[in-house]
Every structure is written in structure tokens, then in C-alpha cells.
Amino acid sequence: MASSSTPKTLMDYFQPPKRHKASSFPAVSAATGSHSLDSAAKSPPRVTVSDDSSSLTPDQISRSEFNKSVAKSKRILALCSEKVTKAKDEGRCYVALTELLVEETWLKALPGELDKPYAKTLSCFLESEIVADSKSPQIYPPQELVFNALNTTPFDRVKVVIIGQDPYHGPGQAMGLSFSVPEGEKLPSSLLNIFKELHKDVGCSIPRHGDLQKWAVQGVLLLNAVLTVRSKQPNSHAKKGWEQFTDAVIGSISQQKEGVVFLLWGKYAQEKSKLIDGNKHHILTAAHPSGLSAHRGFFNCRHFSRANQLLEKMGTPPIDWQL
């Protein structure tokens with residue numbers, strides 16, 4: 001770990017945002033095993049929505065929806081963690097993929113996808129990887145976070161999609177969201193460049209952490225094409241079946257939704273454009289934000305302001321990009 005600060009518990013991932021600061025969002029850690037909440041003194045009072053929502057301002061409605069999404073994500077994450085803990089208590093070190101994708105709108109959008117032959121083969125592969133190194137598992141992210149992108153950003157709330165390649169392969173980095181790292185981890189060069197472009201594009205201050213959960217809860221699907229990786233071996237789980245699954249995710253968005261903004265950075269992500277109906281959705285392309293290519297077209301792409309402009313034009317609330 002890049003920080004010596006006290007690791008956060010699983011339930012610390014989704015503490016409700018402070019009401020007086022819309023850009024506030026909690027720190028995230030890949031630490032697991034505890035379900036305790038922070039002191040109640042740290043939690044602001046909940047927003048109570050009356051039956052007559054017409055009395056609420058748009059900002060109050062937006063904040064209420066945000067808090068509901070945070071609460072739902074917290075419940076799902078706790079459920080997945082409990083499944084992993086139970087498996088370990090029973091002497092098992094692997095939880096089947098079908099048990100870890102639990103967000104109901106995605107299950108409806110992807111009916112039976114994880115029961116298909118390729119997904120069963122993928123599940124067997126992951127089990128063999130984990131069992132082979134059960135004393136010190138080196139597969140990232142932790143099992144309860146494998147479907148973090150889908151479990152945090154419900155299908156019916158997806159507004160923007162940012163596609164990455166595979167998870168970070170260092171200890172404590174991967175958290176199931178493309179480009180995102182838990183608070184306390186050093187910012188990868190790609191993420192730092194994303195923040196630099198955000199600052200120049202929409203004036204966001206550059207945060208001290210790389211936790212993008214706030215984006216995910218608002219409807220930004222942070223989807224890697226491959227959802228797991230072996231420690232210190234990038235692309236080690238490529239071509240094992242994950243690409244077929246995440247292609248199905250992209251295809252379901254393309255077919256069943258309208259007006260989603262896809263941000264495709266780099267050649268790998270841009271190849272996914274063939275899965276997207278450009279007549280129904282908006283596709284913005286740019287160079288990858290890595291240190292090697294950001295100067296070749298990622299900087300000054302203004303994708304964040306352009307995405308919000310597109311959303312607002314469709315009457316959809318924009319993304320608050322400030323972390």
C-alpha cells in the first residue's frame with residue numbers, strides 16, 4: 001500500500017455525502033472483512049422525501065436520489081462481502097460469479113448471461129486461480145468487488161460509460177471500477193492525467209485521492225473490459241471470457257437504452273464502438289490518458305464538459321465531476 005493510514009472497512013466505502021458540500025464523497029479502501037459503520041456523529045441526517053415531491057427543489061431531489069443510490073450500493077457491497085466471508089468460514093475460498101452480481105436491474109438487462117457456457121468456463125478458471133493460491137490470494141480485485149462497476153451503477157441509471165482494459169495489478173489498487181483506486185493509493189499516471197484534463201475542462205480542483213465512487217453512484221459506468229487480473233501480471237486474465245461478458249454489458253446498454261454518452265479513450269476502448277448504436281447514443285473518442293499518449297489527443301478533448309452538455313440537451317441531469 002502506498003499509504004500508512006488506517007485502512008477503511010468495507011462499509012466505509014459508501015458513507016453518505018455531507019449535505020453542505022455536494023462534491024464530498026467518502027474514502028474507499030480495498031480492505032475487507034468488517035461491516036462496522038463509522039460513528040453516527042460522522043453521518044449527516046438523512047434526507048426525508050415527502051409524498052409531495054413537488055415541494056422539493058431540483059437540487060433536493062437530486063441529492064435525495066444520490067443518497068438513495070449510495071445506500072443501495074452500500075447494501076449490495078455488504079451482501080457480497082457476507083457471501084465471501086461465509087464461503088471462507090465454510091472452508092471455501094471461491095464464490096461463484098452468479099452469486100456476486102446481485103444488482104437487480106443488471107440481472108434483468110443480462111438475463112442468464114452468467115449461466116452461458118463461456119461464463120461457466122470463466123468461473124471455473126477463476127476458481128482454479130484462487131484455489132491454487134488460497135493461502136495468499138493474488139487475484140485482484142477482491143471477489144466482492146469483481147462486479148463493483150455494475151453493482152454500484154444500476155443499469156437504469158447509466159448515463160455515461162468509461163471503458164478501461166483490465167484492473168490495476170498491484171496490491172490494494174483494484175476496486176472494480178476502471179481507472180479508480182482507493183483513497184490512500186498513489187494516483188496512477190492515467191488517473192492523474194484525467195484529473196488534469198478535468199481541471200482544465202470544467203475547473204475541478206485536482207483531488208488528493210483517486211476514488212471515483214462518486215461518479216459511479218451518479219450514473220458513470222466505470223467498466224473494464226476484463227474484470228480480474230493476476231498480481232503483477234497485466235492482461236493475465238484476458239481472453240478467458242471476460243470480454244464476452246463485458247461486450248454483452250455494452251451491447252445491452254446500446255440496445256435497451258438511449259442517449260448514453262460513451263467516452264472511449266485509446267484504441268482498445270474505441271474498438272468497442274462497433275457494439276454501440278451511434279444513432280441512439282453519443283460516442284466521444286480521444287487518445288488514452290496514459291503518460292505515453294495523453295499528449296496525443298487526450299488533453300484538450302473536453303470530454304467532461306461535452307458529456308454534460310449532451311446530457312443537459314437531452315434533459316438529463318449532468319455529472320458533478322468534482323471529487
Side-chain angles (χ1 to χ4, degrees), residues 28 30 32 77 80-81 83-84 87-88 92-103 106 110 113-153 161-182 185 188-191 210 212 216 221-252 264-272 275 288-290:
V28 177
T32 61
L77 204 52
C80 291
S81 180
K83 290 182 178 183
V84 173
K88 291 179 179 178
R92 298 180 289 119
C93 56
Y94 177 72
V95 178
L97 294 178
T98 51
E99 295 185 50
L100 296 175
L101 178 58
V102 298
E103 203 288 316
W106 278 111
L110 299 167
E113 192 67 32
L114 289 174
D115 292 320
K116 293 181 178 179
Y118 84 88
K120 292 181 179 180
T121 299
L122 169 63
S123 193
C124 289
F125 165 74
L126 293 174
E127 181 175 13
S128 67
E129 288 276 277
I130 292 173
V131 171
D133 201 9
S134 59
K135 293 184 179 180
S136 180
Q138 295 296 303
I139 303 301
Y140 303 127
Q143 288 185 77
E144 61 268 31
L145 297 178
V146 168
F147 290 119
N148 198 19
L150 303 182
N151 285 334
T152 302
T153 309
V161 179
I162 298 178
I163 298 176
Q165 192 160 351
D166 71 336
Y168 296 118
H169 52 85
Q173 292 181 305
M175 53 185 292
L177 305 176
S178 61
F179 295 103
S180 183
V181 294
E185 287 296 317
S189 61
S190 294
L191 185 54
L212 306 182
L221 180 63
L222 298 166
L223 181 69
N224 279 319
V226 176
L227 300 187
T228 56
V229 69
R230 194 179 300 140
S231 176
K232 300 180 181 179
Q233 297 182 45
N235 294 316
S236 51
H237 286 184
K239 299 180 181 180
K240 302 295 183 181
W242 276 130
E243 293 91 342
Q244 188 169 341
F245 175 78
T246 54
D247 281 358
V249 169
I250 296 169
S252 69
L264 306 183
W265 300 333
K267 183 178 179 181
Y268 184 89
Q270 289 165 19
E271 289 177 350
K272 302 298 181 180
L275 303 171
H288 194 277
S290 72

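Keep in mind that this is a model prediction, so the values were computed, not measured.
- Between the side chain of T121 and the main chain of P117, a donor-acceptor pair closer than 3.5 Å is present.
- Within the 4.5 Å cutoff, no side-chain heavy atoms of Q165 are placed close to those of V226.
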Do L114 and F245 pass the side chain to side chain contact (heavy atoms under 4.5 Å, CB included) test, and can you show the C-alpha distance, the side-chain angles, and the key distance before you say yes or no? CA-CA 8 Å; L114 289 174; F245 175 78; 3.7 Å; yes
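- How far CG of L191 is from CD of Q173: 11.0 Å, rounded to the nearest 0.5 Å.
- In this structure, L223 and S178 have side chains that are not in contact, with every pair of non-hydrogen atoms separated by 4.5 Å or more.
- Judged by distance alone, with hydrogens and angles left aside, the side-chain atoms of W242 form no donor-acceptor pair with the main-chain N or O of L122 at under 3.5 Å.
- Using a 4.5 Å cut-off on side-chain heavy atoms (C-beta onward), V249 and L221 make contact.
- Checking side-chain atoms of S231 against main-chain N and O of G170 turns up no donor-acceptor pair under 3.5 Å.
- For T153 against W106, the heavy-atom pair with the smallest separation is O-NE1, 2.7 Å.
- In this structure, the side chains of I162 and L212 stay at 4.5 Å or more apart for every pair of heavy atoms.
- Pairs of residues two or more places apart, or lying in two chains, never qualify as salt bridge (charged side-chain N to carboxylate O under 4.0 Å, His left out) while including a residue from residues 161-171.
- Two residues are said to be in side-chain contact when any heavy atoms from C-beta on lie closer than 4.5 Å; K240 and T228 fail this criterion.
- Residues L264 and I163 are in side-chain contact: their nearest non-hydrogen atoms beyond the backbone lie under 4.5 Å apart.
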From CA spacing to verdict: side chain to side chain contact (heavy atoms under 4.5 Å, CB included), R230, I139: CA-CA 5 Å; R230 194 179 300 140; I139 303 301; 4.2 Å; yes
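- The distance between the ring centers of F125 and H237 falls below 6.0 angstrom.
- Listed by chain and residue number, D247 satisfy the salt bridge (charged side-chain N to carboxylate O under 4.0 Å, His left out) test with K272 (two or more places apart in sequence, or in another chain).
- The closest donor-acceptor contact from the side chain of S236 to the backbone of Q233 lies under 3.5 Å.
- Residues meeting the salt bridge (charged side-chain N to carboxylate O under 4.0 Å, His left out) test with K116, sequence neighbours left out: E113.
- Applying the salt bridge (charged side-chain N to carboxylate O under 4.0 Å, His left out) rule to D115 yields no partners; only residues at least two apart in sequence or on another chain are considered.
- With hydrogens and angles disregarded, no donor-acceptor distance shorter than 3.5 Å links the side chain of T152 to the backbone of A216.
- Residues L101 and N151 are in side-chain contact: their nearest non-hydrogen atoms beyond the backbone lie under 4.5 Å apart.
- One finds the NZ atom of K83 at 12.0 Å from the CD atom of Q143 (value rounded to the nearest 0.5 Å).
- What you find for A149 and L222 is that their closest heavy atoms are CB-O, 3.3 Å.
- Closest heavy-atom contact between A174 and P142: O-CD, 4.1 Å.
- Ring pair H288/F179 is tilted by interplanar angle, where 30° to 60° counts as tilted.
- Proximity of N148 to L77: side-chain heavy atoms (C-beta onward) are separated by under 4.5 Å at one or more points.
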Only pairs under 3.5 Å count here: list side-chain donor-acceptor contacts from residues 92-100, not counting sequence neighbours, and write none if there are none.
residue : atom : partner : partner atom : Å
R92     : NE   : E90     : OE1          : 3.3
R92     : NH2  : E90     : OE1          : 2.8
Y94     : OH   : S123    : O            : 3.1
Y94     : OH   : S123    : OG           : 2.6

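- Of all the heavy atoms in S180 and G210, the pair that sits closest is OG-O, 3.2 Å.
- Listed by chain and residue number, K72, T105 satisfy the side chain to side chain donor-acceptor pair (under 3.5 Å) test with E103 (two or more places apart in sequence, or in another chain).
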